[in-house]
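To start, the structure under review is shown below, and the notes come after it.
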Amino acid sequence: MSESIQFKAVIRQHGNMNAAYVEFPFSTEQVFGKKGQIKIKAIFDDHVEYRGSLARMKSDFHMVGLPKEIRKQLGKTFGDEVSVFLTEDKEERTVDIAEDIVSVFSENWEAQIVFDKMRYTHRKEYIRWIEEAKKPETRENRKRKMIEMILNGKKSV
């Protein structure tokens, strides 16, 4: 039985890293009927949308990560309170791939097969890495490097 959940939580810092999360204050087993990782859609402070996961991360509770860009959009940091509205995300997670990257895969079908079997997060990381290149030659180099890394079994950048 999946439903919408709303709660307020304090943004916590993960160790000494510039990584943040909020604790999920309910039992995922009671709310979602699941114990492990749960894909979710969240809206923070009624205006910032996020797709991610509820995960345990070696803790007694599930948590939702708040990436740096989300905290920036919220104008919040560690110790601030945030309102959270979340639902289970049952939509398939797809990565939009630019035409020039598609053509690299069409020349390297083995890499395409491996890439297609990767988790959404890993596929997203590879594509974002290429698209963040500021110079065309860097983009070209990264496309070649991605194919090499995939064929060598590297799951992420």
Side-chain angles (χ1 to χ4, degrees), residues 1-102 105 111-134 138-139 142-143 145-146 149-150 153-157:
M1 115 194 134
S2 182
E3 55 187 86
S4 301
I5 299 293
Q6 227 170 338
F7 60 95
K8 289 188 183 291
V10 174
I11 299 171
R12 307 226 182 262
Q13 183 173 4
H14 187 73
N16 293 323
M17 300 184 292
N18 186 16
Y21 67 92
V22 294
E23 290 181 20
F24 183 68
F26 306 104
S27 160
T28 58
E29 212 171 343
Q30 289 176 352
V31 176
F32 300 107
K34 299 177 183 178
K35 289 186 200 177
Q37 183 173 325
I38 299 159
K39 294 176 182 171
I40 54 104
K41 288 182 182 179
I43 301 173
F44 298 106
D45 285 350
D46 301 319
H47 71 282
V48 178
E49 294 183 22
Y50 172 67
R51 283 180 90 183
S53 298
L54 277 172
R56 267 193 115 112
M57 309 292 279
K58 300 177 186 169
S59 62
D60 294 334
F61 53 85
H62 278 74
M63 60 182 80
V64 179
L66 269 87
K68 188 167 48 173
E69 73 180 47
I70 296 291
R71 296 193 311 268
K72 188 176 177 183
Q73 288 176 46
L74 291 167
K76 293 190 173 181
T77 189
F78 312 125
D80 292 339
E81 188 177 73
V82 64
S83 70
V84 183
F85 175 84
L86 65 80
T87 57
E88 186 173 2
D89 185 357
K90 295 183 177 183
E91 291 177 28
E92 183 180 344
R93 295 183 178 194
T94 58
V95 178
D96 293 328
I97 303 174
E99 203 53 48
D100 66 318
I101 301 171
V102 170
F105 277 125
Q112 174 78 62
I113 291 168
V114 175
F115 181 83
D116 288 344
K117 289 180 182 175
M118 287 180 175
R119 293 181 147 208
Y120 165 78
T121 305
H122 299 306
R123 294 190 319 258
K124 182 178 73 171
E125 281 179 25
Y126 270 118
I127 300 307
R128 184 177 354 146
W129 178 60
I130 292 168
E131 291 178 345
E132 285 175 347
K134 291 180 177 51
T138 303
R139 186 177 176 104
R142 287 184 181 180
K143 288 189 294 189
K145 182 87 172 146
M146 174 188 69
M149 292 178 354
I150 289 171
K154 195 157 190 310
K155 289 187 173 145
S156 62
V157 180

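Among all heavy-atom pairs drawn from Val95 and Lys124, the shortest one is CG2-N, 3.8 Å. Between Ile11 and Ala20, the shortest heavy-atom distance links the atoms CG2-CB, 3.6 Å. Across Asp96 and Glu131, no two heavy atoms sit closer than the pair O-OE2, 4.3 Å. Taking both residues in full, the closest heavy atoms of Met149 and Tyr126 are given as CE-CE2, 3.3 Å, listed atom of the first, atom of the second, then distance. Shown here for Glu92 and Arg51, the closest heavy-atom pair between the two residues is O-NH2, 3.9 Å.
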Quick one, Ile97 with Phe115, criterion side-chain contact (heavy atoms from CB on, under 4.5 Å). Give me CA distance, side-chain angles, the key distance, then yes/no. CA-CA 12 Å; Ile97 303 174; Phe115 181 83; 3.7 Å; yes
Could you walk me through whether Lys39 and Tyr120 pass the side-chain contact (heavy atoms from CB on, under 4.5 Å) check? CA-CA 11 Å; Lys39 294 176 182 171; Tyr120 165 78; 5.8 Å; no
Pair Phe7-Glu23, side-chain contact (heavy atoms from CB on, under 4.5 Å): steps then yes or no: CA-CA 10 Å; Phe7 60 95; Glu23 290 181 20; over 6 Å; no
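Under the 4.5 Å side-chain criterion, counting only non-hydrogen atoms from C-beta, Tyr50 is not in contact with Leu86. Contact annotation: the side chain of Gln37 never approaches that of His62 to less than 4.5 Å [non-hydrogen atoms, C-beta and beyond]. Within the 4.5 Å cutoff, no side-chain heavy atoms of Leu54 are placed close to those of Lys34. Counting only heavy atoms from C-beta outward, the side chains of Phe105 and Ile150 approach each other to under 4.5 Å. Side chains of Lys8 and Val22 form no contact here, defined as non-hydrogen atoms less than 4.5 Å apart.
Distance alone, capped at 3.5 Å, is enough to place a donor-acceptor pair between the Arg142 side chain and the Trp129 backbone.
The OG atom of Ser53 sits 12.5 Å away from the CE atom of Met63 when rounded to the nearest 0.5 Å. Distance NZ/Lys155 to OG1/Thr121: 12.5 Å, rounded to 0.5 Å. Expressed to the nearest 0.5 Å, how far OG of Ser27 lies from CZ of Phe32 amounts to 10.0 Å. Annotation: the span from Thr87 atom OG1 to Ile5 atom CD1 amounts to 10.0 Å, rounded to 0.5 Å. Considering CD1 of Ile113 and CE of Met118, their distance stands at 12.5 Å, rounded to 0.5 Å.
Arg119 CZ: 12 or fewer foreign heavy atoms inside a 6.0 Å radius.
Legend: residues meeting side-chain contact (heavy atoms from CB on, under 4.5 Å) with Ile43, ordered by chain and number and at least two apart, are Glu49, Phe85.
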Tell me which donor-acceptor pairs under 3.5 Å the side chains of residues 64-79 have, and how far apart each pair is, sequence neighbours excluded?
from	atom 1	to	atom 2	distance (Å)
Arg71	NH1	Leu66	O	2.6
Arg71	NH2	Asn18	OD1	2.7
Lys76	NZ	Asp45	OD2	2.7
Lys76	NZ	Glu81	O	2.5

